[in-house]
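Whatever order the structure lists ligands and atoms in, that order sets their numbers, starting from 1.
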Amino acid sequence: MPILDTIERPADIKSLRLDQLQALAQEVRTELLQTISTLGGHLASSLGAVELCLALHYVFDAPDDQLIWDMGYQAFTHKLITGRRDAFNTLKQFRGLSGFTHRDESPYDVFTSGHGGTVLSTALGLAMARDQVKGAQHVVSIIGDASLGEGMALEALNHIGHVKPNLLVILNDNRMSIAKPVGGLSRYLNRIITNPTYNRIRQEAERIVKKLPAGSRMVKLSHKIEESLKGLIVPGLVFEELGFRYVGPIDGHNLRDLITTLKNVRRLKGPILLHVSTVKGKGYRPAEQDPERFHKTEPFHLATGKRKRANGNGAHAAETFSEAFSDELIRCGEANRRVVAITAAMPEGTGVSEFAKRFPDRCVDVGMAEQHAVGLAAGLAEGGARPIVAIYSTFLQRAYDQIMHEMCLQKLPIILAIDRASLVGEDGPTHHGVFDIAYLRVLPQIHIASPKDPAELRAMLRWALEQDHPVALRYARGGIICGEPLGRQAKVVTGKSELLRQGKDVALVALGSMVYPALSVAEALAGEGIQATVINARFVKPLDEAMVKLAASCGAIVTIEEGQVAGGFGSAVSEALDRLALSSVPHLRIGLPDAFVEHGKRTELLRLCRLDPASLLHRVTRWYRTVNAPADLPAAAPPELRVLA
Ligand SMILES: Cc1ncc(C[n+]2csc(CCOP(=O)(O)OP(=O)(O)O)c2C)c(N)n1
C-alpha cells in the first residue's frame with residue numbers, strides 16, 4: 001500500500017495529485033476487502049463511499065471542519081485516514097475499533113452513531129452553535145438515501161430550510177437501503193439521477209445570465225423562467241422548495257468532479273444539498289451484484305465472495321429465535337388471513353422476508369420509518385387486521401410514543417416482535433437491545449413476554465394472536481446460549497410462569513435468554529449443597545404473582561435478566577414483593593449495569609457484565625452466603641456490578 005502507508009492524518013492527502021488520490025482509493029478498497037473478508041462486518045456502503053470520503057477530507061479541514069456521518073459504517077475510509085489504520089484489523093472486536101463512528105475513538109468522529117437519520121438534526125445544531133459564537137468552520141453532514149426518509153431526518157430537512165444556516169448536506173445516494181429502498185422519496189431521487197436534463201439547462205442558463213448587464217430586464221426575466229422551469233423539470237425541486245440549494249447529481253466515483261464540486265459548494269452560503277450518486281459495493285463485483293448480502297457480511301473468500309463457513313463439518317446449527325419467528329409467522333399467516341407482517345427496512349434481519357414471498361399482499365416494508373410502522377399497525381388493527389410489527393429492540397426506541405399513544409392507549413391488538421432484545425455483540429452500544437423491558441413495562445394495557453428458547457417463541461406467537469390487546473414478544477439475538485433445549489414446555493397461559501426445577505433454599509427467577517444459564521447455575525449450586533428453584537418467568541407483564549409468592553417461600557430470590565437492572569424485570573418482582581408485603585425476603589437483581597456496554601462478541605460481553613454461567617454462579621453463591629451468614633458474623637460487602645468504561 002505505497003500511498004496508504006504514508007497517510008497518518010487527513011492533511012497527508014492534501015498534497016497528493018489526482019492520479020495518486022485515485023490510486024489511494026484502490027488501496028483503501030483493497031484494505032477494506034482484506035480486513036472485512038477476514039473479520040466480517042459492514043462492507044458494501046463503505047466500498048461505495050471511498051472517493052466521497054477522500055474528496056471530503058481533501059477539500060475540508062477536519063477536525064476543525066466538522067464532518068458528521070449518519071451511521072458510521074459507511075465511513076471506514078474516514079477511519080483509515082484519520083490515524084486508525086494500525087488498529088483496523090481490530091474492527092468490531094472486543095476492545096478494538098468500533099464498527100461505527102465513535103467519539104471516544106477519535107477527535108475526527110463528532111458523534112457516536114449507529115441509528116439512521118440522525119445527522120441532519122445534529123448538524124443543524126452544530127451550525128447554529130457555530131453561528132452563535134461567530135465560528136468559521138464548515139459543517140458537513142453525510143446521509144444515505146434510505147436514511148433521508150427517516151422521520152427525524154425529514155423533520156430536520158424542514159427545519160434547516162427555515163433556519164437557513166451555512167450547512168452542507170451530502171446525500172450519498174446508492175439507490176439501496178439494506179434491501180431495495182421503498183417509497184416516493186426513493187423513486188423521486190432515482191428519477192433525478194436518471195434525468196440530468198434540467199441541470200444542463202440550468203448551467204447553460206446561468207452561463208448566459210452572467211453575460212447580461214446586472215439588473216437588466218433580461219436577467220429578471222431569466223430568473224422568472226428558471227422559477228417556472230423548476231416546476232416542470234427541476235430535479236431537487238423538493239429540496240429547493242424546502243429552502244436548500246440543490247446541486248447534482250454528480251458521480252460519486254469521479255474524484256475530479258467530486259473535488260471540483262465540493263470546492264465550489266464550500267464557497268456557497270446557506271443550506272446546500274449535494275446529491276452524490278454512488279454504487280453500493282463499488283469495486284468488488286460480488287458486492288456490486290448482491291449489495292444486500294454484502295451490506296453486512298460474514299467472513300468470506302475474497303476470490304469468490306462465498307461465505308467462509310465457521311461450521312465446516314456440515315453439522316446443523318441450532319435454530320435461532322429469528323428463524324423460529326420467521327417460520328412460525330408463515331404458519332400464523334396460513335392459519336389467519338388477517339395477519340399482516342410489518343418491517344421497517346429490515347425484512348431479512350427481522351425474519352419477515354420468507355413471509356413476504358409467501359404473502360406479498362400481507363407484508364409491508366415501510367422503509368426506515370419505525371414510528372410510522374407502529375402508527376400504521378394501529379390503523380390496520382383498528383380496521384380488523386392482525387399486524388405483527390417486527391423491529392429490533394434498539395430501533396423500536398424510535399417508536400416509543402406511537403407504542404404509548406397509537407397502540408397502548410387505544411388497546412389495539414398489535415404484536416411487537418422485538419428481535420435482538422439482548423446484548424447484540426459486535427455492533428455495540430448503539431445497537432444493544434437492553435432497554436425495552438424498562439421502557440415498555442411502564443405502559444398500561446400491554447402484555448410483555450420473553451421466551452427461553454425458539455420453540456417457546458413459536459408458542460408465544462400463537463398465544464399472542466389470540467389476545468385482544470397489545471403484546472410485546474422480546475427475544476435475544478441468536479439461539480440459546482448454554483445447554484440443550486428442554487424440548488418440552490408448559491402451555492403458554494397469560495401471566496403464568498413455568499416452574500422448571502424445585503429447591504428449598506433459593507429461587508432463581510430468570511427471563512428469556514437467562515433461563516438456560518439459570519438452570520446450569522442451579523445444577524452447580526446443588527454441587528455446593530444449595531438447592532435452587534428455577535422459574536422461567538415468561539411474562540414481565542402481567543407478572544405471575546403466584547410465582548413471586550412461591551419464590552419468596554424459598555427465603556431468597558435472585559432475578560436474572562439480559563436487560564438493564566434499572567426499571568427491568570427484577571424491579572417488577574420487587575414491586576410485587578412490596579405489594580404482597582413480602583419485601584423482607586432478600587432479593588438480588590441481576591442484569592445489566594447502569595452503563596452503555598461496549599462492543600465485542602456476545603459471549604465476551606456477557607462475561608464482561610458477569611451474566612455468563614460461571615459469573616452468575618459466583619454472584620449467586622456469594623450473595624446467598626452473605627444473606628445466610630449467622631447474625632454474629634460480619635456480612636461480606638454485597639457484590640458490586642463492575643462499572644463499564
Ligand atoms: C433508526 C434505524 N433504523 C434501522 C436501521 C438499520 N439499518 C442500518 S443501515 C440501513 C439502511 C441504510 O440505507 P442508506 O441510508 O441508504 O445507507 P447505505 O447503507 O445504503 O449506504 C438500515 C435500515 C438503523 N441503523 N437505524
Side-chain angles (χ1 to χ4, degrees), residues 32 41-53 69-78 99-101 111-122 141-156 169-183 185-186 189-190 193 252 275-282 287-288 290-297 342-350 352-353 365-374 389-400 402 418-420 424 426-433:
L32 292 178
H42 290 97
L43 176 64
S45 303
S46 269
L47 282 177
V50 174
E51 287 82 5
L52 179 59
C53 272
W69 303 87
D70 193 64
M71 298 188 287
Y73 67 79
Q74 47 174 307
F76 290 163
T77 307
H78 161 86
F100 298 89
T101 46
F111 282 96
T112 300
S113 170
H115 286 200
T118 63
V119 73
L120 302 188
S121 300
T122 52
S141 56
I142 303 102
I143 187 165
D145 49 297
S147 300
L148 193 66
E150 263 285 352
M152 185 174 169
L154 294 175
E155 288 173 26
V169 173
I170 311 257
L171 172 56
N172 173 17
D173 185 355
N174 56 25
R175 292 162 297 287
M176 279 297 283
S177 181
I178 295 178
K180 283 254 176 289
V182 296
L185 185 60
S186 103
L189 294 175
N190 206 5
I193 293 219
H275 191 175
V276 179
S277 170
T278 57
V279 174
K280 198 158 178 169
K282 176 75 177 176
E288 285 188 29
D290 191 353
E292 183 168 354
R293 207 209 107 197
F294 284 92
H295 176 85
K296 184 176 172 188
T297 171
I342 300 175
T343 172
M346 308 198 65
E348 200 61 43
T350 58
V352 307
S353 52
D365 183 349
V366 294
M368 287 176 75
E370 293 80 6
Q371 307 173 47
H372 168 57
V374 176
V389 187
I391 297 187
Y392 288 5
S393 169
T394 188
F395 303 135
L396 192 64
Q397 289 162 195
R398 281 282 160 89
Y400 190 54
Q402 288 69 23
I418 311 176
D419 201 332
R420 309 300 198 267
V424 294
E426 293 82 351
D427 281 341
T430 55
H431 282 56
H432 294 317

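Side chains of S113 and V119 form no contact here, defined as non-hydrogen atoms less than 4.5 Å apart.
Results of the ring-ring contact (aromatic ring centres under 6.0 Å, His included) test with H42 over F76, F100, F294 single out F100 as the only residue that passes.
Here E348 contributes atom CD and K296 contributes atom NZ; the two are 13.0 Å apart, rounded to the nearest 0.5 Å. F395 CZ to E150 CD: the interatomic distance, rounded to the nearest 0.5 Å, is 9.0 Å.
Protein residues lining ligand 1, listed by chain and number: S45, M71, Y73, G114, H115, G116, G144, D145, A146, S147, E150, N174, M176, S177, I178, K280, H295, A345, M346, M368, E370, F395, R398 [non-hydrogen atoms, distance under 4.0 Å].
Between Y73 and H295, the ring center distance clears the sub-6.0 Å criterion.
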Test log, rule side chain to side chain donor-acceptor pair (under 3.5 Å), inputs T278 and N172: CA-CA 7 Å; T278 57; N172 173 17; 2.6 Å; yes

